[in-house]
2 protein chains.
Amino acid sequence: MPRKRNAHRSPDMPTLADVARLAGVSEITASRVVRVQGPIADSTRARVLTAIAELGYIPNRAAGSLASAGSTLMSVLLPSLSNIVFPDVLRGIHTALTETAFQPVIGVTDYDPLIEERILVSFLAWQPAAVILAGLHHTPTARRHLEHGRFRVAELMDIDGEPVDIAVGMSHRQAGYETGKHLIQRGYRRFGYARHNVTTDDRASARYEGLCSALQEAGLSLVAEHCYPDASSTRAGRDALAILLAAHPDLDVVVFPNDDMAMGGIFHCMHAGIAVKEKLGIFGFNGLDIGQAMPMPLSTILSKRFLIGKTAAEKLLESRERPAEKTIINTGFDIIEGATA
Amino acid sequence: MPRKRNAHRSPDMPTLADVARLAGVSEITASRVVRVQGPIADSTRARVLTAIAELGYIPNRAAGSLASAGSTLMSVLLPSLSNIVFPDVLRGIHTALTETAFQPVIGVTDYDPLIEERILVSFLAWQPAAVILAGLHHTPTARRHLEHGRFRVAELMDIDGEPVDIAVGMSHRQAGYETGKHLIQRGYRRFGYARHNVTTDDRASARYEGLCSALQEAGLSLVAEHCYPDASSTRAGRDALAILLAAHPDLDVVVFPNDDMAMGGIFHCMHAGIAVKEKLGIFGFNGLDIGQAMPMPLSTILSKRFLIGKTAAEKLLESRERPAEKTIINTGFDIIEGATA
DNA sequence: GCCTTTTATGGTAGCGCTGTCATAAATCTT
DNA sequence: AAGATTTATGACAGCGCTACCATAAAAGGC
């Protein structure tokens with residue numbers, strides 16, 4: 001007689017079989033009630049629901065996933081959690097997933113495609129219903145997995161390229177370009193740029209290139225740039241601007257890769273007594289709430305991060321199967337004129 | 001003869017059995033190699049590893065979880081993602097989990113215990129190895145699940161209470177109290193408080209109470225308070241301070257529930273030409289980077305969010321079994337004197 | 001009333017992996 | 001050298017659920 005093998009589980013952990021027995025139905029019927037799937041008589045459903053409540057039954061998703069070869073997990077791979085940008089995206093995703101059975105599993109790649117690949121593979125072990133990641137640039141191995149997997153894929157933030165399945169975001173190259181055009185039109189001529197050390201932030205690079213090409217079209221070029229030897233932060237922007245101005249006091253505008261750093265730039269100006277806008281224009285990117293609450297609202301570009309996350313998750317839920325057509329959704333961006341450039 | 005039932009899975013999805021066959025070993029041996037568990041001869045390990053690489057084998061975690069009645073998932077329930085505080089905590093958790101097999105599954109409760117309960121139950125369906133949540137206050141049902149589950153539990157942020165298993169955080173009541181003591185010692189007497197509308201933010205309430213009791217000890221009390229009718233934001237702080245001062249121009253210090261709102265307060269002062277610190281003290285909570293990068297660094301309390309997340313996850317990994325003793329880890333807090341109070 | 005369709009339910013066989021026990025070979029004791 | 005221990009491997013059942021098929025009863029069509 002085979003020995004019972006439940007030494008490793010709680011003795012009082014009810015299974016579907018227990019529910020079915022108590023309700024006087026078969027397991028499969030109880031399963032249908034739990035999954036709200038297939039035709040069930042109202043009276044039967046009520047009995048099963050009562051049994052579930054009585055036993056405190058919690059379905060075992062591992063068993064469900066195994067049997068159905070699919071899960072309700074959605075893998076989310078984000079480059080960073082250090083500023084509010086990706087939490088905003090995650091919030092959008094989470095909002096779309098509320099009231100659905102799907103749950104986000106998150107991983108942080110540190111802007112490193114190899115880490116992204118490693119985390120992706122470990123996530124695939126859960127047979128996720130969908131994978132969400134940032135950008136269109138992945139390792140060849142990652143790309144292969146994404147293309148051949150039995151799950152939907154959304155690539156967020158960026159739309160300058162060929163997506164695997166769905167891309168939701170904006171053109172960062174264009175954002176950079178429009179930044180340049182806007183500032184030139186406002187009379188700025190001597191441009192500085194303050195970057196940070198994350199060289200794999202493809203979106204920041206695209207904006208930089210867009211800016212440069214706008215300058216070039218106008219017969220201008222960057223007068224100076226400085227790369228802060230650390231990750232992006234307000235402090236980084238403040239210090240970077242100080243260094244830039246020390247070497248090039250004649251700059252009349254400085255563009256920052258994001259609002260955090262741009263705020264730091266403004267703080268430097270306040271500290272050094274430099275008249276922002278009149279003496280030196282400051283331009284950011286993201287349109288963070290805090291920059292707009294300043295007495296002198298930051299001139300910047302509003303990226304629609306929450307919308308990107310929410311739209312992507314909603315699109316993914318529309319169909320379980322990957323359609324023949326790739327989808328690109330441009331959420332666009334708004335120039336916020338502000339008062340600093 | 002039973003029909004093959006693989007219509008629902010990719011034909012080219014290799015299983016452990018395929019790996020074992022190719023390596024010329026049994027399934028269980030291949031399994032041991034994958035899990036790095038039990039004694040394996042070097043030559044055998046090499047053969048299995050080769051087979052895995054050749055086939056591009058990805059383990060099926062659903063099957064693994066089912067068979068072993070446990071998963072490598074760690075459920076993380078956070079109240080909000082709207083400011084950087086909880087992403088910081090999440091970053092700490094993620095840092096501790098890197099290089100381990102564990103993966104965080106996140107849920108957002110919106111500071112609502114009922115939503116927390118609902119998400120908790122749906123997470124338990126994955127038989128997580130651990131559950132991380134914020135605060136010590138949960139619904140009775142949630143608490144029951146947490147107490148009886150076969151997983152570790154960490155309650156973050158707050159330590160004023162009885163944890164289920166591990167609590168990591170600081171005393172918010174004490175933080176509020178110290179804030180009051182500090183400001184009184186600096187000569188402030190006419191206190192204002194600007195709150196936001198999230199009444200279920202227990203930590204903010206505890207700080208408020210602590211502040212009040214410090215005032216009371218000194219024979220003082222809050223002169224005025226204003227509740228901004230929306231969630232916390234920089235804009236909320238700015239507007240709330242304007243309203244407070246309109247009604248009570250004689251306040252000499254205003255305490256905010258967090259740095260975001262305090263920054264808004266400073267922005268109002270800048271806009272209205274009020275000399276911060278001399279004319280009106282401003283005090284926040286959290287010690288955000290941006291507040292410290294201002295020309296006039298924000299006076300605030302540094303909460304150690306990253307450390308809390310990291311410490312909690314590390315503690316959870318120490319032992320799979322819940323120990324008899326409950327653990328409380330006080331990560332403390334630092335008063336940042338700053339230049340605004 | 002006979003046939004088709006729809007509705008409601010159940011039997012059975014796995015999904016891919018790991019716990020448990022068993023076994024054989026290698027190494028260590030005394 | 002005989003026994004005790006450690007190391008390396010395998011057979012097998014079953015984790016809890018759902019896909020697949022089958023069946024029976026009820027409803028609809030002409």
- Task: Mind calculating the distance between OH (B:Tyr57) and P (C:dG16) to the nearest angstrom?
- Result: 10 Å
- Please lay out, stage by stage, how A:Leu133 and A:Val153 fare under the test side-chain contact (heavy atoms from CB on, under 4.5 Å). CA-CA 8 Å; A:Leu133 12 68; A:Val153 177; 4.2 Å; yes
- Message: Does this structure show an ion pair linking B:Arg144 with B:Glu147, if we count only N-O contacts that are shorter than 4.0 Å?
- Response: no
- Message: Could you check whether B:Asp158 pairs with B:Arg203 (Lys NZ or Arg NE/NH1/NH2 to Asp/Glu carboxylate O, under 4.0 Å)?
- Response: no
- Task: For the helix from C:dG1-D:dC30 to C:dT30-D:dA1, figure out the bend between the end axes, five pairs an end, and round to 10 degrees.
- Result: 10°
- Item | Given D:dG10, C:dC17, D:dG16, the nucleotide with the shortest approach to the side chain of B:Thr15 | C:dC17
- Message: On the nucleotide D:dG10, are OP1 or OP2 found under 4.0 Å from the side-chain N or O atoms that B:Thr29 carries?
- Response: yes
- Note on the structure: Considering only heavy side-chain atoms of B:Leu16, the closest of D:dT18, C:dC17, D:dG16 is C:dC17
- Message: A:Thr98 vs A:Thr95, test: side chain to side chain donor-acceptor pair (under 3.5 Å). Steps then yes/no.
- Response: CA-CA 5 Å; A:Thr98 306; A:Thr95 300; 5.6 Å; no
- Task: Looking at every strand, decide which applies to A:Thr44 at a 4.0 Å heavy-atom threshold: base, sugar-phosphate, or nothing.
- Result: sugar-phosphate
- Query: Checking all strands, does B:Ile28 fall into the base, sugar-phosphate, or nothing category for heavy-atom contacts under 4.0 angstrom?
  - Reply: base
- Quick one: A:Ile40 CD1 to C:dA8 C1', roughly how many Å, whole number? 7 Å
- Message: Without decimals, in angstroms, what is the distance between B:Leu66 CG and C:dC15 C1'?
- Response: 9 Å
- Message: When you compare the side chain of A:Leu317 with that of A:Phe102, does any pair of heavy atoms fall below 4.5 Å?
- Response: yes
- When you get a sec, tell me which of C:dC15, C:dG11, D:dA8 is the closest nucleotide to the side chain of B:Ala41? D:dA8
- Consider only side-chain N and O atoms of B:Ser31 and B:Arg35, and report whether a donor and an acceptor are under 3.5 Å apart. yes
- Taken to the nearest whole Å, CD/B:Glu27 to C1'/D:dG14 is 13 Å
- Query: Atom CZ of B:Arg61 to atom C1' of C:dG16: distance rounded to whole Å?
  - Reply: 11 Å
- Euclidean distance, atom CD1 of residue B:Ile52 to atom C1' of C:dC17 [Å, nearest integer]: 13 Å
- Query: Are B:Gln103 and A:Ser122 linked by a side-chain donor-acceptor pair shorter than 3.5 Å?
  - Reply: yes
- Query: To the nearest angstrom, how far is B:Arg21 atom CZ from D:dT9 atom P?
  - Reply: 19 Å
- Note on the structure: Closest to the 5' end of DNA chain C, once B:Arg35 and A:Pro39 are matched to their nearest nucleotides, is A:Pro39
- Query: With a 3.5 Å cut-off and no angle check, do the side chains of A:His145 and A:Glu117 form a donor-acceptor pair?
  - Reply: no
- Does a nitrogen or oxygen in the side chain of A:Arg32 sit under 4.0 Å from OP1 or OP2 of C:dT7? no
- Quick one: is C:dC17 close enough that its OP1 or OP2 comes under 4.0 Å of any side-chain N or O from B:Ser31? no
- Query: Between D:dT9 atom P and B:Arg45 atom CZ, what is the distance in whole Å?
  - Reply: 9 Å
- Task: Report yes if at least one side-chain N or O of B:Ser68 is closer than 4.0 Å to OP1 or OP2 of C:dT18; otherwise report no.
- Result: no
